[in-house]
Amino acid sequence: EIQLVETGGGLVQAGGSLRLSCVVSGFTFDEFDDYAIGWFRQAPGKEREGVSCIYRGDGSTYYADSVKGRFTISRDNAKNTVYLQMNSLKPEDTARYYCAAGLNLNTGTMSYEYDYWGQGTQVTVSS
């Protein structure tokens with residue numbers, strides 16, 4: 001069974017930083033390398049939005065305009081883990097953050113492209 005577990009969320013003041021981790025288990029040997037991993041977030045009353053994605057192979061990345069220059073995504077295939085370093089956090093970054101794994105992506109920005117999801121971790125940024 002493939003599972004994704006997000007950690008690292010919490011309460012932080014505006015301007016602060018957090019690093020989210022997404023640990024993926026259940027893949028066979030090297031299977032994790034074949035998957036793109038995305039981070040999404042959802043605030044109360046809002047739709048889930050794609051924040052960032054790191055693709056398989058060359059590890060190219062995507063960032064939403066709202067986080068570009070502040071967030072950095074990276075992956076450690078040896079640990080089946082993807083990280084989201086979030087700097088210069090703003091109150092509007094407050095949301096529940098989810099990681100997801102997808103095998104055959106088009107853009108990687110839409111939630112329907114992903115096959116497996118974690119339960120999420122809450123990020124709250126105070127002003």
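- Between the side chains of Q85 and S74, no donor-acceptor pair is found at a separation under 3.5 Å.
- In this structure, F71 and Y97 have tilted ring planes: the angle between them lies in the 30° to 60° band.
- Residues Y55 and Y62 place their aromatic rings such that the two centres sit no closer than 6.0 Å.
- Proximity of a side-chain donor or acceptor of E113 to a complementary backbone N or O of G108 within less than 3.5 Å is detected.
- Considering only residues two or more places apart in sequence or on other chains, K46 meets the side-chain contact (heavy atoms from CB on, under 4.5 Å) condition with A43.
- Cation-pi geometry between R75 and F32 is met: under 6.0 angstrom from the ring centre, within 45 degrees of the axis.
- Ion pairing between a basic and an acidic side chain is recognised when a charged N comes within 4.0 Å of a carboxylate O; K68 and D65 show such pairing.
- Between F40 and W117, the ring center distance clears the sub-6.0 Å criterion.
- The two residues P91 and S127 make their nearest non-hydrogen contact at CG-CB, 3.8 Å.
- Among residues two or more places apart in sequence or in another chain, the side-chain hydrogen bond (donor to acceptor under 3.5 Å, both in side chains) test is passed with Q3 by none.
- A donor-acceptor pair is defined here as one N or O able to donate and one able to accept, closer than 3.5 Å; no such pair exists between the side chain of D34 and the backbone of L103.
- Rounding to the nearest 0.5 Å places CD of E47 at 8.5 Å from CD of Q42.
- Cation-pi geometry between R56 and Y35 is not met: the NZ or CZ atom fails to fall both under 6.0 Å from the ring centre and inside 45° of the normal.
- No side-chain heavy atom of V123 sits less than 4.5 Å from a side-chain heavy atom of T94.
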